[in-house]
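Note sheet for the following structure.
Read the numbers this way: they start at 1 and go in the same order the structure lists the ligands and their atoms.
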Amino acid sequence: MIRETWNEALHVIVSDASEARRWIAGLEERERARTALSSLRVRFNRVFGYGIEVSHAQSARVPEDYVRRQTLTGTERYVTPELKDYEAKVLGAEERRRRLEQELFEDVRGRVAAHSAALLATARALALLDVVAGLAEVAHVRGHVRPVVDSGDTLEIVEGRHPVLEARSGEPVTPNDVALDADARIVILTGPNMAGKSVYLRQTGHIVLLAQMGAWVPARSARIGVIDRVFTRVGAQDNLARGQSTFLVEMVEAASILNNVTPRSLVLLDEVGRGTSTFDGLAIAWAVVEDLHDRAVGAKVLFATHFHELTQLAARLPAVRNFHVAVREWNDEIVFLHKVRPGGTDRSYGIQVARLAGLPLPVIARAKALLARFEDQRQATAEAADAVQLGLFTAPAAPDPVVAELAALDPAHLTPIEALNLLVKWQQALKR
Ligand SMILES: Nc1ncnc2c1ncn2[C@@H]1O[C@H](COP(=O)(O)OP(=O)(O)OP(=O)(O)O)[C@@H](O)[C@H]1O
Ligand SMILES: [Mg+2]
């Protein structure tokens, strides 16, 4: 625990013990040379300690300083005063060392504790210096800028970049703008898989956090009206141990956001409503956006989604805007531009991305055929629905026979009994 040269007494214990061990190790050879007794051995016994053993036959020739201790079968056992001295230094050395080290440790601990206030203040100062110097270095090396943080309600980032993506990738990343204010504060972000929606959401969160902790930010410029909380709902996780399925976790998080959001919050929703049936998911996502628009007035929201129907919300809710991440189609391939632009998209290119990911070609081909069929069906369903609606309003159904008979009747030529009979007949017809 403690370096032996740090304390004189500790040093003596450790060096004496090792010297004694060395001395004992050489004893047998030295004593044999001195006595010329071929049977002489140095042995250790846990009860009696170290001893010099000599056969009965040679025991008459042991030197004067040998003191006999035991008679064993075949041998006599001796010690010398010197051997006893050295033995004492070896045996118990470990125990003495441990005890002394504990004492020394407690002493040091006491001395440190006496200065704890000064030491903690120094540690805190160094930690702060470390953080600030770290942020300054990153700002310098990565070309970050000083953001304006004010109490306005504008969130404006010009050419923002994702700080981690940028630090990790060898090539420059594509910068993107964010402009949210009281008039336009909810963005529905569509665009193909792999286009860069999640990156855009997260870099916005990073930049807001960095700005508010006093750091510079990866952007050309940034104005950040103080945000009280950043809410995120990202990715698909479950929490099986706590009895929460994937979709339940998603909804628990969404619920917590809607229940806690304030007019000064930033809400980043990455694909809400994905873990259930398409219509349930779309319905939930739609209602969530409406709630954020109508109730959480002021909150800034970036909502990435593959529910392209949500782009219709921009026409209904005044503070909602559509943006998409652009790609370029080239033959049957797509080229990712990673550029966020105004307006929505209506395609996800999921099958192209699945092919990039290595899904087997027969599966890709089959998926394409199915997609074409599903899209035809949807088209047909839409047309059928239109036809039904048209039918309802333009071509009234044939009149009921009862009504027809009533319309053709001339009441002036009916006797009361005939009228009563007709009434009974019609009522029976209607009951059938
Ligand atoms: N601005 C950017 N500059 C450079 N590369 C980017 C940029 N945005 C995204 N990328 C690259 O594209 C990858 C996919 O981006 P991201 O995960 O944001 O896609 P997504 O639109 O969320 O896709 P999905 O709908 O499948 O979730 C990133 O891992 C990153 O490598
Ligand atoms: Mg994503």
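Judged by distance alone, the side chains of S198 and D270 do bring a donor and an acceptor atom under 3.5 Å apart. Using modelled atom types, one finds a donor on one side chain and an acceptor on the other under 3.5 Å when comparing H306 with N193. Side-chain N/O atoms of E290 and W286 include a donor and acceptor closer than 3.5 Å.
A salt bridge does not link R3 to E101: none of the charged side-chain nitrogens sits closer than 4.0 Å to a carboxylate oxygen. Electrostatic pairing of R274 and E271 counts as a salt bridge here, judged by a charged N lying under 4.0 Å from a carboxylate O.
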Give every donor-acceptor pair under 3.5 Å between a side-chain atom in residues 318-325 and any protein atom, sequence neighbours left out.
residue	atom	partner	partner atom	Å
R321	NH1	P318	O	2.8
N322	ND2	T311	O	2.9
H324	ND1	R341	O	3.3
H324	ND1	P342	O	3.3
H324	ND1	G343	O	2.9

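Closer than 4.0 angstrom to ligand 1 by heavy atom are L165, V173, T174, P192, N193, M194, A195, G196, K197, S198, V199, E271, H306, H338, sorted by chain and number.
Within a radius of less than 2.8 Å around the Mg ion (ligand 2), the protein N, O or S atoms are S198 OG.
Within the structure, the salt bridge (Lys or Arg N to Asp or Glu O under 4.0 Å) test picks out the following pairs touching residues 85-96 (sequence neighbours left out): K84-E87, E95-R98, E95-R99.
For R142 and W216, the positive end is not near the middle of the six-membered ring at less than 6.0 Å and at most 45° from its axis.
Between Y50 and F44, the ring planes lie tilted relative to each other; the angle falls in the 30° to 60° range.
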